[in-house]
Amino acid sequence: MPLWDKLRESIPTLQTQLLSRKNDLKSGAFRDASMAMCALVAAADGSVDPTERQKTASLIASNEVLKNFPADDLQRRFNDNVSKLTADFDFGKVAVLQDIGKAKKKPTEARAVIQIGIIIGGADGNFDNSEKAIVREACHTLGLDPSEFEL
């Protein structure tokens with residue numbers, strides 16, 4: 001089975017896993033890391049067009065786990081991260097990866113952040129190589145083996 005077909009089938013499973021841990025995913029570190037991951041995946045190709053920004057924002061707003069946090073706060077954090085990445089991708093990436101690293105101390109949160117990155121990356125039907133590479137890099141930041149997520 002091609003990798004994308006396998007990933008597409010696994011996204012509902014990832015969402016179910018996240019939902020089952022919703023009550024464990026309420027910390028500020030998870031919130032910050034999740035919004036950083038969403039921005040990083042959205043900007044993986046070096047830019048974020050308005051359609052991509054809106055689509056990602058819609059996914060954030062509709063994610064049951066992220067409903068643990070006020071939507072306007074999530075939106076602000078996402079936009080702040082996107083601004084860092086679009087102003088200077090390499091410099092912004094360092095700052096955004098630091099936010100992702102906040103989840104490293106709690107393995108459940110760290111894995112959930114990666115799962116959110118995969119869900120966001122696959123939302124448009126194409127989890128491309130730049131998105132996979134950025135999620136792999138986030139795995140390393142969190143001390144996780146990318147192969148655990150078939151990356």
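Fair warning: this is a prediction, and the values are worked out from it, not measured in the lab. Residue numbers run from 1 in the order of the sequence given. These numbers come from the heavy atoms of this one structure, side chains and all, not from hydrogens, waters or symmetry mates.
To the nearest 0.5 Å, the span separating NZ on Lys106 from CG on Leu25 amounts to 9.5 Å. With rounding to the nearest 0.5 angstrom, the CG atom of Asp32 is 8.5 Å from the CZ atom of Phe69. The OG1 atom of Thr51 lies 8.5 Å from the CD atom of Gln54; values are rounded to the nearest 0.5 Å. With rounding to the nearest 0.5 angstrom, the SG atom of Cys38 is 10.5 Å from the CD atom of Gln75. Expressed to the nearest 0.5 Å, how far CG of Leu85 lies from CZ of Phe91 amounts to 11.5 Å. Between the CZ atom of Arg76 and the CG atom of Asn81 there is a distance of 10.0 Å, given to the nearest 0.5 Å.
You'll find the side chain of Leu151 reaches within 4.5 Å of the side chain of Phe127, heavy atoms only. In this structure, the side chains of Ile116 and Leu66 come closer than 4.5 Å at one or more pairs of heavy atoms. Using a 4.5 Å heavy-atom cutoff, the side chains of Val41 and Ile134 are in contact. Side chains of Arg111 and Leu142 form no contact here, defined as non-hydrogen atoms less than 4.5 Å apart. For the pair Asp45/Glu131, no side-chain contact is recorded, criterion being any heavy-atom separation below 4.5 Å from C-beta on. The shortest side-chain heavy-atom distance between Asp49 and Glu52 falls under the 4.5 Å cut-off. Looking only at side-chain heavy atoms (C-beta outward), Ile120 and Met37 stay at 4.5 Å or farther from each other. Within the 4.5 Å cutoff, side-chain heavy atoms of Gln115 are placed close to those of Phe149.
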Please test Arg31 against Asn68 for side chain to side chain donor-acceptor pair (under 3.5 Å), starting from the C-alpha separation and ending with a verdict.
CA-CA 9 Å; Arg31 175 203 59 214; Asn68 282 336; over 6 Å; no
Decide yes or no on side chain to side chain contact (heavy atoms under 4.5 Å, CB included) for Met35 and Asp99, but give the supporting numbers first.
CA-CA 9 Å; Met35 291 306 93; Asp99 274 351; over 6 Å; no
Could you go through Val65 and Phe30, starting from their C-alpha distance and side-chain angles, then the distance that decides it, and tell me whether this counts as side chain to side chain contact (heavy atoms under 4.5 Å, CB included)?
CA-CA 11 Å; Val65 173; Phe30 173 72; 3.9 Å; yes
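Within a 6.0 Å sphere centred on NZ of Lys105, heavy atoms belonging to other residues, nucleotides or ligands number 12 at most.
No side-chain donor from either of Glu137 and Thr141 sits under 3.5 Å from a side-chain acceptor of the other.
By the side-chain contact (heavy atoms from CB on, under 4.5 Å) test, Ala29 pairs with Ser27, Lys102, Glu109, sequence neighbours left out. Residues passing the side chain to side chain donor-acceptor pair (under 3.5 Å) test with Thr86: none are found, sequence neighbours excluded.
Salt-bridge annotation for Lys84 and Asp80: absent, with no side-chain N of the basic residue lying under 4.0 Å from a carboxylate O of the acidic one. Salt bridge status for Arg77 with Asp73: present, with a side-chain N to carboxylate O gap under 4.0 Å.
Heavy-atom minimum distance, Leu97 versus Ala138: CD2-CA, 4.2 Å. Of all heavy-atom pairs between Arg136 and Pro146, the closest is CG-CB, 3.7 Å. The two atoms that bring Ala103 and Ala33 nearest to each other are CB-CB, 3.8 Å, heavy atoms only.
Of the possible donor and acceptor atoms, none in the side chain of Asn63 sits under 3.5 Å from a partner among the backbone N and O of Leu59. Remark: the backbone N or O of Ala43 is not paired with any side-chain donor or acceptor of Ser47 at under 3.5 angstrom.
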